[in-house]
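In what follows, chains carry the letters A, B, and so on, assigned in the order in which the sequence lines appear, proteins first and then strands, with residues in each chain numbered from 1.
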There are 2 protein chains.
Amino acid sequence: MLDIRVAIFEDNKLVRDAMQAILNGTPGYRFTGGAADGNRWEMDIRRSEPDVVLMDIEMPGLNGIELTKNICNSFPEVKVLIQTVFNDGERIFLALCAGASGYILKSDPPHRYLEAIKEVYNGGAPFNTTVAKKMLSFFSNKNVILVSPQSNDYRLSEREKELLQLIVEGYDYKTIATKSFISYETVRTHVKHIYKKLHVASRSEVVMKARQQGLL
Amino acid sequence: MLDIRVAIFEDNKLVRDAMQAILNGTPGYRFTGGAADGNRWEMDIRRSEPDVVLMDIEMPGLNGIELTKNICNSFPEVKVLIQTVFNDGERIFLALCAGASGYILKSDPPHRYLEAIKEVYNGGAPFNTTVAKKMLSFFSNKNVILVSPQSNDYRLSEREKELLQLIVEGYDYKTIATKSFISYETVRTHVKHIYKKLHVASRSEVVMKARQQGLL
DNA sequence: TCATAAAATCACCCAATGGGGTATTGTACA
DNA sequence: TGTACAATACCCCATTGGGTGATTTTATGA
């Protein structure tokens with residue numbers, strides 16, 4: 001079997017070097033590149049062609065979560081394993097949303113690192129028990145709301161989209177009328193149509209919906 | 001060390017009996033009660049005094065997620081371990097929000113059950129790798145939005161809370177006035193105060209906020 | 001004990017919003 | 001050519017939200 005190719009984003013050179021030594025000293029793993037920041041992440045990934053990226057989330061400069069998002073978008077075949085000293089729910093949550101495949105604490109021993117790397121490589125999702133626990137309590141604290149996935153083709157006409165934009169921006173009908181060179185009543189008619197199509201019944205609902213569904 | 005006391009909610013009697021046999025046949029575990037549905041859950045829990053509840057999420061009648069929520073609210077010291085054949089992200093997510101401590105698939109072997117029970121008992125959060133993976137992909141699909149945690153002490157008076165309740169339930173001011181034995185204008189005054197305290201400016205906003213922050 | 005601060009009650013004014021119609025014009029499509 | 005729909009416009013009316021002001025009761029603290 002081929003070695004698992006691992007690249008590291010980590011600002012601490014000592015840690016990078018240690019990981020390099022551990023990885024290259026363990027059969028089945030190969031260290032293929034390390035970077036102290038994400039400034040040249042695209043090139044770094046192309047060069048090192050990793051199967052798994054070990055990502056330090058607390059890097060100076062480009063934020064580890066953003067970096068994770070970028071890598072996951074541009075190189076979907078690459079798995080990202082987050083490593084951090086933090087274990088607060090929000091950070092974990094954001095990293096997961098960014099597309100990370102697993103989460104490991106810096107306090108975990110090297111053998112856990114190796115296990116976790118193998119696990120993400122094989123399609124798993126390694127979680128430190130502490131991490132999983134934190135994440136759960138984060139959920140139970142109702143910090144999150146569920147948005148049912150749905151089609152967002154509401155068949156709004158072009159004109160309706162224009163007006164929706166202005167509504168969401170908070171202009172009142174009179175102002176929208178002036179801006180759009182139509183009458184107040186026409187604005188109201190369009191708004192009614194928009195509300196019907198989006199199944200909402202008030203300004204604030206439509207703003208919510210438009211934001212959530214990215215209709216803007 | 002004392003045995004871990006385990007109760008089971010599961011509609012399939014065969015499964016219940018099997019778990020009873022396994023638990024009582026394994027040192028360190030004790031089966032303390034089983035129920036085919038959640039109709040008498042409160043009494044069932046009081047009788048069996050479990051440390052861990054094994055919850056089948058696909059039970060007829062009372063829904064396993066609701067049941068989990070109830071148990072976690074009324075008996076916060078009891079850990080709930082969800083067992084299911086499903087592994088879709090949404091269901092897992094809902095169960096976690098309901099307060100479950102871990103998630104196990106029915107296809108997992110008995111020894112995994114025992115491990116998982118011990119793990120939740122010790123404060124951990126067991127996850128089948130498949131489950132964790134599903135959950136992650138659910139997150140990355142942006143089905144969720146984050147709500148920044150904030151203090152929810154808005155210093156609403158008792159009366160204001162009552163009226164807020166009615167507002168969120170969708171009654172119009174006239175109806176609320178009748179229901180509360182006060183005049184329409186007084187309802188309006190209270191509503192204005194509530195809006196000021198909650199920093200909202202419309203019915204739908206206040207409904208959102210109240211729901212998200214559990215002000216109900 | 002008295003002053004002050006709130007909570008709770010009610011009233012009036014006014015602007016903005018939302019829902020129900022109806023109507024005319026133009027355009028696209030079958 | 002007729003039907004459907006988008007865009008325009010107007011009317012009526014109920015509800016909502018904000019402002020101002022007032023009275024009464026209740027609590028709280030100096």
Tyr173(A) vs dG18(C): side-chain N/O to OP1/OP2 distance below 4.0 Å: yes
Distance, rounded to the nearest Å, where Arg203(A) contributes CZ and dG18(C) contributes P: 7 Å
Let me have the donor-acceptor pairs involving side chains of residues 171-181 of chain A, under 3.5 Å, with sequence neighbours excluded, atom names and distances please.
{"residue": "Asp172(A)", "atom": "OD1", "partner": "Lys174(A)", "partner atom": "N", "Å": "3.4"}
{"residue": "Asp172(A)", "atom": "OD1", "partner": "Thr175(A)", "partner atom": "N", "Å": "2.9"}
{"residue": "Asp172(A)", "atom": "OD1", "partner": "Thr175(A)", "partner atom": "OG1", "Å": "2.6"}
{"residue": "Thr178(A)", "atom": "OG1", "partner": "Lys174(A)", "partner atom": "O", "Å": "3.1"}
{"residue": "Ser180(A)", "atom": "OG", "partner": "Ile176(A)", "partner atom": "O", "Å": "2.9"}

Nearest heavy-atom neighbours spanning Asp37(A) and Asp44(A): O-OD2, 4.3 Å
Gap between atoms CZ and C1', on Arg155(B) and dA5(C) respectively (whole Å): 13 Å
Closest listed nucleotide, where the reference is the side chain of Lys192(A) and the choices are dG19(D), dG18(D), dG21(C): dG21(C)
Whole-Å gap separating C1' (dG21(C)) and NZ (Lys196(A)): 10 Å
Net bend of the helix from dT1(C)-dA30(D) to dA30(C)-dT1(D), end axes of five pairs each, nearest 10 degrees: 40°
Are any protein N/O atoms closer than 3.5 Å to N/O atoms in nucleotides 23-26 of chain C? If there are, list each pair with its distance.
none

Nucleic acid contacts - residues 178-188 of chain A versus DNA chain C, non-hydrogen atoms under 4.0 Å: Tyr184(A), Arg188(A)
Separation of atom CD1 in Ile167(B) from atom C1' in dG17(D), rounded to whole Å: 12 Å
pair Glu185(A)-Arg188(A): side-chain heavy atoms closer than 4.5 Å: yes
Those residues that, when tested against Arg47(A), pass side-chain hydrogen bond (donor to acceptor under 3.5 Å, both in side chains) (two or more places apart): none
Length of the line joining Glu205(A):CD and dG18(C):P, which is rounded to integer Å: 9 Å
Donor-acceptor under 3.5 Å (Thr32(B) side chain, Ser48(B) main chain): yes
Sugar-phosphate only, base, or nothing, as touched by His190(A) at under 4.0 Å among non-hydrogen atoms: base
Spacing between Lys197(A) atom NZ and dA7(D) atom P, to the nearest angstrom: 7 Å
Residue pair Ile194(A) / Leu163(A), side-chain heavy-atom distance below 4.5 Å: yes
Presence of Lys174(B) side-chain N/O under 4.0 Å of dT15(D) phosphate oxygens OP1/OP2: yes
Short N-O contact, Asp56(A) and Lys106(A), less than 4.0 angstrom: yes
Pair Ser183(A), Thr186(A): side-chain N/O donor-acceptor within cut-off below 3.5 Å: yes
Salt-bridge present (Glu42(A), Arg46(A); N to O < 4.0 Å): yes
Interatomic distance where NE2 belongs to His193(A) and P belongs to dC5(D) [whole Å]: 12 Å
Phosphate OP1/OP2 of dA7(C) contacted by Arg159(B) side-chain N/O (<4.0 Å): no
Name of the residue among Thr68(A), Ile117(A), Val53(A) meeting side-chain contact (heavy atoms from CB on, under 4.5 Å) with Leu81(A): Ile117(A)
Contact check, side chains of Met19(B) and Arg16(B), non-hydrogen atoms, under 4.5 Å: no
Integer-rounded Å distance: dG20(C) C1' and Tyr195(A) OH: 16 Å
Qualifying residues under salt bridge (charged side-chain N to carboxylate O under 4.0 Å, His left out), relative to Arg5(B), sequence neighbours excluded: none
